[in-house]
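Following: one structure in C-alpha cells, then a few remarks.
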Amino acid sequence: MWFQKKTINVCIAWLMITAVFTIFWSEVVIAEEVQTAPSTTAVALASPSAILMEASTGTVLFEKNPDEIRSPASITKIMTLILTFEAIEKGRIKLEDEVSTSAYAKSMGGSQVFLEEGEIQTVDTLIKCITVASGNDASVAMAEFIAGSESEFVNLMNEKAAALGMNNTHFIDCCGLSSDAQHHTTARDVAIMSRELITKYPDIYNYTKIWMEDITHVTRQGTKNFTLSSTNKLLKQYQWTTGLKTGSTNQAKYCFSATANKDGIDLIAVVMGAPDFKIRFSEARSLLEYGFAITKLYVDENNEKLVPVRVLGGTMDQVEIAPEGAFRYLDVTGADFSQIEKTYEFSEGLAAPVQLGTQAGRILYKLGGKEIGSVAIKTTQEVQKAYFIDYLKRVVLRFLI
C-alpha cells in the first residue's frame with residue numbers, strides 16, 4: 001500500500017480497493033488510447049512510408065505504412081553514429097583520437113569525402129564527415145577504428161538494433177550502400193534509432209546543425225582543404241530544423257529522418273521512398289509543421305526535496321528519497337495544463353535492509369480526474385539491517401551525548 005488507510009474491516013477494504021483499481025486502470029487505458037492514437041490521414045504524402053514521433057515521450061503522432069520493410073540507404077548511418085557516441089561515452093575512444101584510413105575505407109563509392117589510404121583524421125572530424133556530408137569512406141573508417149572491421153561493427157549494429165526493439169531491421173553494412181534486400185529497416189525503426197541518438201547523445205546537434213565547414217586532407221600528395229556541404233537542405237528551408245540524416249539510392253529512392261525543436265518540443269519525421277529529393281524535404285517539413293501545430297508539452301522537473309521515509313529495523317531510522325526524474329506529458333487535445341493535479345503517495349515505512357533505488361512511493365498526475373502518468377519515488381541511499389550490536393551502539397551514544 002502506498003498511502004495510509006484506516007482499516008475497519010480487512011475483507012471489505014480489500015474489496016473496495018480492488019473495485020477502485022479496476023475502475024481507475026480502465027479509465028487510464030481509455031485516456032491513453034485517445035491521447036496517443038496516431039493520425040493516418042492528417043497529412044497527404046506521396047512517400048509510401050512515413051512516421052512522426054515526439055522524441056521525449058516516444059508518442060507517435062502520424063504514421064503511414066510505418067512497418068513496411070524498406071531499404072534505408074544512408075540513414076543507416078544513424079546507427080553508426082549511435083555506436084560512435086556510445087564508444088565515446090564509455091571511454092573507449094575520444095574525439096581527439098586519430099584514425100588512419102584503410103584501403104578498404106578509401107574504396108567506398110557513393111557519397112564520400114575522398115579520404116586517402118593512410119590519411120589521418122580525428123574522430124571529431126570523421127563524425128562531421130558522416131553527419132554533414134554523409135561520407136561512406138568516413139563511416140567505414142570509424143567502424144574499423146571502433147570494432148576492428150566493418151563486419152564486426154555491423155554485428156554491433158544489429159545487436160544494438162535488437163536491444164532498441166527495432167524488430168524489422170537488419171544491417172549488412174555501416175553506411176547504407178548495399179542494395180541487398182537483407183539490409184533493411186522501417187520508418188518506425190528509423191524513428192526509434194533517431195530518438196535514441198538525439199535523446200541520449202544530444203551533442204550530435206553540434207554536428208547535424210553544420211551547413212558548411214572545411215576539413216583538411218593531409219596526404220602524401222600534400223595538404224588541401226575540402227568543403228563539407230550538408231545534405232540536409234531543410235537546415236536552410238525550415239528554421240526549427242536540428243538534423244538529422246538523409247539517404248538515397250536507386251533502390252531506396254529518397255529517405256530522410258528529420259529532427260526539429262520548437263517551444264521545447266523535439267519532433268522526428270521519417271520519410272522513406274520519396275519519389276524525388278524535393279518531395280522528401282517538403283513532406284518531412286509538412287509532418288513537422290503538423291506536429292508542432294497539434295502538440296503541447298507539459299514538463300515537471302521534480303527538483304523538490306522530499307521528506308525522508310521511516311526505516312524499520314535498520315542501522316538508520318530513515319532514508320533519503322527523491323523523484324526518479326522529470327515528468328513529461330504530451331497533449332494533442334488542447335488541454336488546460338493549469339488543471340493538472342499533482343499528488344504524492346508515500347510508503348508508510350521500509351523494512352531494512354533497504355537497497356539504493358528501492359521504490360518508496362510515486363508522484364501521481366491527473367488531468368480532468370484521470371491519471372495521465374506518474375513518476376516513481378526512490379531511495380537515494382542504502383540502509384543495512386540492524387543487529388543487537390547496532391542497537392547497543394545507539395544506547396551508548398545516546399548516553400554519552
Side-chain angles (χ1 to χ4, degrees), residues 32-79 81-82 157-158 160-171 176 181-200 232 234 241-249 251-260 265-277 279-295 297 330-332:
E32 287 183 348
E33 286 176 353
V34 172
Q35 182 64 27
T36 62
S39 171
T40 58
T41 59
V43 184
L45 301 177
S47 301
S49 180
I51 195 168
L52 177 67
M53 178 184 287
E54 193 279 321
S56 69
T57 62
T59 303
V60 175
L61 304 168
F62 174 93
E63 58 184 28
K64 178 182 178 181
N65 302 321
D67 300 309
E68 183 177 86
I69 301 294
R70 304 199 65 86
S71 176
S74 281
I75 53 178
T76 296
K77 296 183 177 79
I78 295 171
M79 183 59 77
L81 290 166
I82 289 173
M157 293 172 70
N158 287 316
K160 190 67 175 181
L164 292 175
M166 297 168 59
N167 300 322
N168 294 306
T169 295
H170 185 263
F171 300 112
Q182 293 301 308
H183 188 87
H184 61 259
T185 189
T186 66
R188 189 185 308 279
D189 284 359
V190 172
I192 290 172
M193 68 174 175
S194 299
R195 183 189 180 205
E196 174 76 1
L197 180 59
I198 67 174
T199 58
K200 194 166 185 179
N232 183 3
L234 213 59
T241 303
T242 56
L244 186 61
K245 193 70 199 71
T246 61
S248 63
T249 61
Q251 181 177 354
K253 296 185 179 179
Y254 293 88
C255 305
F256 188 24
S257 180
T259 60
I265 297 176
D266 285 294
L267 295 181
I268 301 165
V270 179
V271 173
M272 301 192 73
D276 65 51
F277 74 95
I279 288 177
R280 75 173 166 190
F281 291 126
S282 65
E283 293 191 342
R285 176 172 178 168
S286 294
L287 286 171
L288 293 169
E289 289 176 335
Y290 165 72
F292 287 129
I294 67 166
T295 56
L297 186 66
L330 189 73
D331 178 71
V332 296

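Every value quoted in this text rests on a predicted model; they were computed, and no experiment measured them. Heavy-atom basis, side chains included; hydrogens, waters and symmetry copies ignored.
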Under 3.5 Å, side chain of [X] to main-chain N/O of [Y], donor-acceptor pair present?
{"X": "R195", "Y": "S56", "answer": "yes"}
{"X": "E54", "Y": "L61", "answer": "no"}
{"X": "K64", "Y": "S47", "answer": "yes"}
{"X": "K245", "Y": "K77", "answer": "no"}
{"X": "R280", "Y": "G247", "answer": "yes"}

Roughly how far, to the nearest 0.5 Å, is the [atom2] atom of [Y] from the [atom1] atom of [X]?
{"X": "L267", "Y": "F292", "atom1": "CG", "atom2": "CZ", "answer": "4.0 Å"}
{"X": "T41", "Y": "F62", "atom1": "OG1", "atom2": "CZ", "answer": "7.5 Å"}
{"X": "I192", "Y": "L197", "atom1": "CD1", "atom2": "CG", "answer": "14.0 Å"}
{"X": "L52", "Y": "T295", "atom1": "CG", "atom2": "OG1", "answer": "8.5 Å"}
{"X": "L288", "Y": "T241", "atom1": "CG", "atom2": "OG1", "answer": "7.0 Å"}
{"X": "I78", "Y": "T259", "atom1": "CD1", "atom2": "OG1", "answer": "9.0 Å"}

Over all heavy atoms of both residues, which pair between [X] and [Y] is shortest? Give the atoms and the distance, please.
{"X": "H183", "Y": "T76", "value": "NE2-OG1, 2.9 Å"}
{"X": "A258", "Y": "A284", "value": "CB-CB, 4.0 Å"}
{"X": "V190", "Y": "M272", "value": "CG2-SD, 4.2 Å"}
{"X": "I268", "Y": "S257", "value": "CG2-OG, 3.9 Å"}
{"X": "S49", "Y": "P66", "value": "OG-CA, 4.2 Å"}
{"X": "T246", "Y": "F281", "value": "CG2-CE2, 4.0 Å"}

Any idea how F277 and Y254 line up, ring-wise: parallel (<30°), tilted (30 to 60°), or perpendicular (>60°)?
tilted

Pair up each side-chain donor or acceptor in residues 163-170 with any protein partner under 3.5 Å, not counting sequence neighbours, and list the distances.
unit_1: T169; atom_1: OG1; unit_2: T185; atom_2: OG1; d: 2.6
unit_1: T169; atom_1: OG1; unit_2: D189; atom_2: OD2; d: 2.7
unit_1: H170; atom_1: ND1; unit_2: Q182; atom_2: O; d: 2.9

Check: [Y] and [X] side chains under 4.5 Å, non-hydrogen atoms:
{"X": "L45", "Y": "V271", "answer": "no"}
{"X": "R70", "Y": "P48", "answer": "yes"}
{"X": "V60", "Y": "R188", "answer": "yes"}

